[in-house]
There are 2 protein chains.
Amino acid sequence: MNKTNVEISNLPKYCNEALILAVLARGDRHGYQLAIEIEEMSDGLFKFNHGTLYPILHKLEKENLIKGLWEKSDTQRKRKYYSITRKGKNYFYQQKAELEHFLSTFIGIIGEKKK
Amino acid sequence: MNKTNVEISNLPKYCNEALILAVLARGDRHGYQLAIEIEEMSDGLFKFNHGTLYPILHKLEKENLIKGLWEKSDTQRKRKYYSITRKGKNYFYQQKAELEHFLSTFIGIIGEKKK
DNA sequence: TTATATATATTGACTCTCGATATATAGAGC
DNA sequence: GCTCTATATATCGAGAGTCAATATATATAA
């Protein structure tokens with residue numbers, strides 16, 4: 001296991017990636033669906049702008065962490081369904097562990113009572 | 001209590017501010033000391049660059065969340081000691097609550113098992 | 001006297017999010 | 001058949017903030 005590479009400046013980036021990968025780990029989704037689902041799961045707390053979402057999906061796909069497949073059934077508009085790859089799962093589990101360690105350390109410091 | 005304003009892009013900013021204010025809530029510190037202390041408390045996880053730390057201190061001071069006082073004893077080099085203000089404490093407690101809600105929601109989503 | 005640790009500060013490069021904008025189609029209502 | 005809205009993907013420029021490098025200065029140790 002690598003050493004942590006979660007730096008505070010990368011926090012939003014890793015959080016966004018983790019949210020996307022976590023949902024894709026549960027099953028295939030297309031972009032728009034991901035955004036809606038994450039917003040619902042978080043009670044409106046995490047809203048993805050399109051200008052944030054799609055670049056991340058393209059980047060993750062370029063790195064082979066997810067794989068996109070255009071689906072064009074006769075009745076529906078074409079959508080690009082993403083599925084998480086084996087590499088993506090490994091990446092996600094590692095990032096998740098690092099983020100949890102990072103965030104619990106953070107909460108520990110700001111939550112600490114005066115001595 | 002205001003509605004949350006913690007957006008994912010502001011996460012590092014609010015985390016950095018919260019770390020600084022949390023330590024100052026325990027007692028006065030000067031900048032360099034803050035950086036060292038936070039690094040030690042986090043086991044080396046949170047390292048403040050000077051180019052990050054000082055602009056934040058100046059901003060917090062300008063907003064009257066902290067107050068800086070130059071100290072120049074005869075034997076020591078001059079240091080600027082910061083103390084948290086009443087306004088700063090209120091700000092910190094609110095940010096802390098928002099961050100904890102934000103992060104626990106996040107951990108909840110990425111940690112959720114498949115149904 | 002030199003080197004190192006302490007201490008504050010600024011600058012430019014870089015990255016990423018955000019909001020705006022663009023394009024296109026399915027379905028609903030008239 | 002037409003218009004409007006929701007769905008769906010995509011890109012661009014502005015803005016904010018971190019990071020690494022650099023600058024300055026002094027106390028202390030070798």
Side-chain angles (χ1 to χ4, degrees), chain A residues 4-20 28-40 44-63 66-82 95 102 106, chain B residues 4-20 28-40 44-63 66-82 95 102 106:
Chain A
T4 178
N5 57 359
V6 175
E7 291 189 14
I8 202 144
S9 61
N10 289 323
L11 207 44
K13 177 180 141 188
Y14 288 125
C15 286
N16 279 334
E17 285 183 3
L19 287 171
I20 290 169
D28 298 357
R29 306 279 194 284
H30 60 88
Y32 197 77
Q33 193 179 0
L34 275 167
I36 290 172
E37 202 163 328
I38 291 170
E39 185 168 349
E40 282 174 357
L45 202 55
F46 305 137
K47 288 185 182 58
F48 269 104
N49 292 302
H50 298 162
T52 302
L53 176 65
Y54 291 107
I56 293 175
L57 288 172
H58 300 160
K59 184 187 150 267
L60 291 175
E61 189 175 17
K62 217 174 68 184
E63 291 169 350
I66 62 176
K67 215 164 99 63
L69 216 70
W70 283 100
E71 183 195 275
K72 37 180 176 182
S73 87
D74 290 342
T75 51
Q76 289 174 323
R77 161 191 317 104
K78 61 176 183 172
R79 295 163 172 162
K80 198 172 185 184
Y81 276 86
Y82 290 99
Q95 284 296 358
F102 186 97
F106 173 73
Chain B
T4 181
N5 56 0
V6 175
E7 291 188 14
I8 203 143
S9 61
N10 288 324
L11 207 44
K13 176 181 142 187
Y14 289 125
C15 285
N16 278 335
E17 285 184 1
L19 287 171
I20 289 169
D28 298 358
R29 308 278 196 281
H30 59 86
Y32 196 76
Q33 193 179 358
L34 275 167
I36 291 171
E37 202 164 327
I38 291 171
E39 184 168 350
E40 282 173 357
L45 201 56
F46 305 138
K47 289 185 181 60
F48 268 103
N49 293 299
H50 299 160
T52 302
L53 177 64
Y54 291 107
I56 294 176
L57 288 173
H58 300 160
K59 183 186 151 272
L60 291 176
E61 190 177 15
K62 217 174 68 183
E63 291 170 348
I66 62 176
K67 214 163 98 62
L69 216 69
W70 283 100
E71 183 194 278
K72 36 179 175 180
S73 87
D74 290 342
T75 51
Q76 288 174 326
R77 159 192 319 103
K78 60 176 182 169
R79 293 162 173 163
K80 196 172 187 183
Y81 276 86
Y82 289 99
Q95 282 297 356
F102 186 97
F106 172 74

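Keep in mind that what you see is a predicted model, and the values were worked out from it rather than measured. Note on naming: letters A, B, ... go to the chains in the order of the sequence lines (proteins, then strands), and numbering restarts at 1 for each one.
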Measuring from the side chain of [X] (C-beta onward, heavy atoms only), which nucleotide among [options] has the closest atom?
X	options	value
B:Arg79	C:dA7, D:dA8, C:dC18	C:dA7
B:Tyr32	C:dT6, C:dA9, D:dA10	C:dT6
A:His58	D:dT18, C:dT17, D:dA10	D:dA10
B:Tyr54	C:dT17, D:dT18, C:dT10	C:dT10

State, with a plain yes or no, whether a side-chain heavy atom of A:Phe102 is found less than 4.5 Å away from one of A:Leu11.
yes
Any B:Phe48 side-chain heavy atom under 4.5 Å of B:Leu34 side chain:
no
Could you state the [atom1]-[atom2] distance from [X] to [N], rounded to the nearest angstrom?
X	N	atom1	atom2	result
A:Trp70	D:dT9	CH2	P	6 Å
A:Glu39	C:dC18	CD	P	12 Å
A:Lys59	D:dA10	NZ	P	16 Å
A:Leu57	D:dT11	CG	C1'	14 Å
A:Leu19	C:dT17	CG	C1'	14 Å
B:Glu71	C:dT8	CD	C1'	15 Å
A:Leu60	C:dC16	CG	C1'	14 Å
A:Leu11	C:dT15	CG	P	18 Å

Show every donor-acceptor pair shorter than 3.5 Å between a side-chain atom in residues 49-58 of chain B and any protein atom, with sequence neighbours excluded, or say none if there are none.
| unit_1 | atom_1 | unit_2 | atom_2 | d |
| --- | --- | --- | --- | --- |
| B:His58 | ND1 | B:Tyr54 | O | 3.3 |

OP1 or OP2 of D:dA20 less than 4.0 angstrom from a side-chain nitrogen or oxygen of B:Asn49, does that happen here?
yes
Looking at D:dT9, I'd like to know if its phosphate oxygens (OP1 or OP2) sit under 4.0 Å from a side-chain N or O belonging to A:Lys80.
no
DNA chain D nearest-nucleotide lookup for A:Pro55 and A:Ser9: closer to the 5′ end is A:Pro55
So what does A:Ile8 touch, heavy atoms closer than 4.0 Å: a base, only the sugar-phosphate, or nothing?
sugar-phosphate
Assign A:Gly51 to base, sugar-phosphate, or nothing according to its heavy-atom contacts below 4.0 angstrom with the strands shown.
base
Taking the nucleotide of DNA chain C with the closest heavy atom to each, which residue, B:Ile36 or B:Thr52, is nearer the 5' end?
B:Ile36
Could you say whether A:His50 or A:Asn16 is positioned toward the 5' end of DNA chain C, judged by the nucleotide with the nearest heavy atom to each?
A:Asn16
Under 4.0 Å between a side-chain nitrogen and a carboxylate oxygen: does that hold for A:Glu17 and A:Lys13?
no
State whether the number of non-hydrogen atoms from other residues, nucleotides or ligands found under 6.0 Å of B:Lys80 atom NZ is greater than 12.
yes
